Trainee: 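Shown below is the structure under consideration.
As the structure is a computational prediction, the values presented were derived from the model and not from experiment.
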Amino acid sequence: PKLTYIGCTGKSEGATSWLKGSGHEFIVDEPKNLGGRDLGPNPIVYLAGALTACEQVIMNNVSKEKKIPIGEVKWETKLGLDVRGLRGVEGVMSQPQTADITAEIEIEEQNVSKLDEILFEVERRCPVYNVCKNSGMKINTTYKPKIVDKIK
C-alpha cells in the first residue's frame with residue numbers, strides 16, 4: 001500500500017480534548033452529566049459527522065467524475081449504540097452497532113436513473129463508511145432523489 005497519514009495532535013483534561021488537525025482546531029467533549037464540560041460534541045457525534053461528511057465528499061467527487069451534476073444534499077445520520085457497553089457491562093459491545101442514514105439529493109430528472117452509479121461508488125470508496133461497515137456496524141442507507149429543474 002501507498003499510505004498517506006492523516007491525524008491530529010492535542011491535549012486532554014478529564015473528558016475534554018482540545019485537538020488540532022489539518023490546521024483546524026476542534027474540541028471533543030462530553031455533557032456535564034457525563035463528566036465533561038459540554039464544550040463540544042462527543043466522539044460518537046463526531047463519528048456520525050465524519051460518516052456523513054465523508055459520504056458527501058465522495059459523492060461530490062464521483063458526480064463530477066461521471067459528469068452527473070447533483071445539488072444540495074440534506075443528510076440525517078443516526079448511530080445506534082448500547083450505552084451499557086460504555087459502562088463496562090460484560091458481553092455488551094461498546095461501539096455503535098447500527099447507522100441509519102438518509103440523504104435527500106437534488107438531481108435533475110434526466111439524471112435520476114444514473115444516481116445508482118454514484119451511490120455504488122460512494123459506498124465502495126468512502127473510507128469512513130468502510131471502517132464502520134468492516135467493524136460489523138449494520139448500515140441502513142436511504143437515498144431519496146429530489147427532482148429539481150436545474151442544478152445551480
Side-chain angles (χ1 to χ4, degrees), residues 1-66 68 70-107 112 114-147:
K2 192 173 181 182
L3 301 178
T4 298
Y5 290 90
I6 301 166
C8 64
T9 59
K11 64 179 183 175
S12 300
E13 185 179 301
T16 309
S17 296
W18 294 267
L19 303 169
K20 187 174 186 176
S22 300
H24 301 280
E25 294 181 4
F26 58 104
I27 298 172
V28 182
D29 203 358
E30 290 288 345
K32 290 180 181 178
N33 66 329
L34 295 177
R37 296 181 177 137
D38 204 20
L39 298 176
N42 71 41
I44 300 300
V45 173
Y46 271 106
L47 178 59
L51 178 55
T52 302
C54 191
E55 285 200 63
Q56 175 64 36
V57 167
I58 301 298
M59 185 180 298
N60 183 62
N61 292 345
V62 171
S63 72
K64 287 179 180 178
E65 286 171 16
K66 293 187 174 287
I68 305 169
I70 60 169
E72 180 180 84
V73 181
K74 292 185 179 175
W75 294 90
E76 181 178 21
T77 302
K78 295 179 182 178
L79 302 182
L81 86 150
D82 188 334
V83 295
R84 295 175 305 156
L86 301 176
R87 294 186 187 119
V89 173
E90 192 69 33
V92 179
M93 287 193 262
S94 62
Q95 77 267 24
Q97 296 170 40
T98 63
D100 294 310
I101 305 165
T102 303
E104 183 183 78
I105 305 160
E106 287 185 349
I107 192 164
V112 170
K114 300 174 188 170
L115 190 55
D116 283 343
E117 289 178 48
I118 296 172
L119 303 177
F120 173 80
E121 287 298 316
V122 168
E123 292 182 0
R124 186 178 75 81
R125 294 191 206 178
C126 178
V128 178
Y129 178 93
N130 285 294
V131 164
C132 292
K133 180 180 168 188
N134 293 336
S135 77
M137 185 185 293
K138 290 178 179 60
I139 303 175
N140 307 303
T141 309
T142 304
Y143 298 110
K144 300 177 184 177
K146 180 180 179 185
I147 308 298

Trainee: First locate atom CZ of R125, then atom CG of N130, and finally report the distance between them rounded to the nearest 0.5 Å.
Mentor: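 These two atoms lie 12.0 Å from each other.
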Trainee: To the closest 0.5 Å, what do you measure between OG1 (T9) and CD (E25)?
Mentor: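 The distance works out to 9.0 Å.
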Trainee: Could you give the distance from CE (M137) to CG (L81), rounded to the nearest 0.5 Å?
Mentor: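 M137 CE to L81 CG: 9.0 Å, rounded to 0.5 Å.
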Trainee: Under the side-chain hydrogen bond (donor to acceptor under 3.5 Å, both in side chains) definition, can you give me all pairs with a residue in residues 41-64, not counting sequence neighbours?
Mentor: T52-T77, E55-Y143, Q56-W75
Trainee: Dump the intermediate steps for side chain to side chain contact (heavy atoms under 4.5 Å, CB included) on I58 and Y129, then the final yes or no.
Mentor: CA-CA 10 Å; I58 301 298; Y129 178 93; over 6 Å; no
Trainee: Just verifying a value: how many Å separate D116 CG and E121 CD, rounded to the nearest 0.5 Å?
Mentor: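 One finds 12.0 Å between CG of D116 and CD of E121.
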Trainee: Show the nearest heavy-atom pair for residues L79 and A48, with the distance to one decimal.
Mentor: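 Heavy-atom minimum between the residues: CD1-N, 3.7 Å.
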Trainee: Give the intermediate values and the outcome of side chain to side chain contact (heavy atoms under 4.5 Å, CB included) for residues T102 and K144.
Mentor: CA-CA 8 Å; T102 303; K144 300 177 184 177; 3.9 Å; yes
Trainee: Please step through side chain to side chain contact (heavy atoms under 4.5 Å, CB included) for the pair K66 and E117, ending with a clear verdict.
Mentor: CA-CA 9 Å; K66 293 187 174 287; E117 289 178 48; 3.8 Å; yes
Trainee: Give, for atom CD1 of I118 and atom CD of E65, the distance between the pair rounded to the nearest 0.5 Å.
Mentor: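 Atom-to-atom, I118:CD1 and E65:CD are 10.0 Å apart.
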Trainee: Does the side chain of M59 come within less than 4.5 Å of I105's, by heavy atoms?
Mentor: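 Counting from C-beta outward, I105 and M59 do come under 4.5 Å.
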Trainee: For the atom pair CG (D38) and CG (N33), what is the distance rounded to the nearest 0.5 Å?
Mentor: 8.5 Å
Trainee: Could you list the donor-acceptor pairs under 3.5 angstrom formed by side chains in residues 10-23, with sequence neighbours left out?
Mentor:
residue	atom	partner	partner atom	Å
S12	OG	S17	OG	2.6
E13	OE2	R37	NH2	2.5
T16	OG1	D29	OD1	2.8
T16	OG1	D29	OD2	3.2

Trainee: Please report the shortest heavy-atom distance between S94 and L86, naming the atom on each side.
Mentor: O-CD2, 3.5 Å
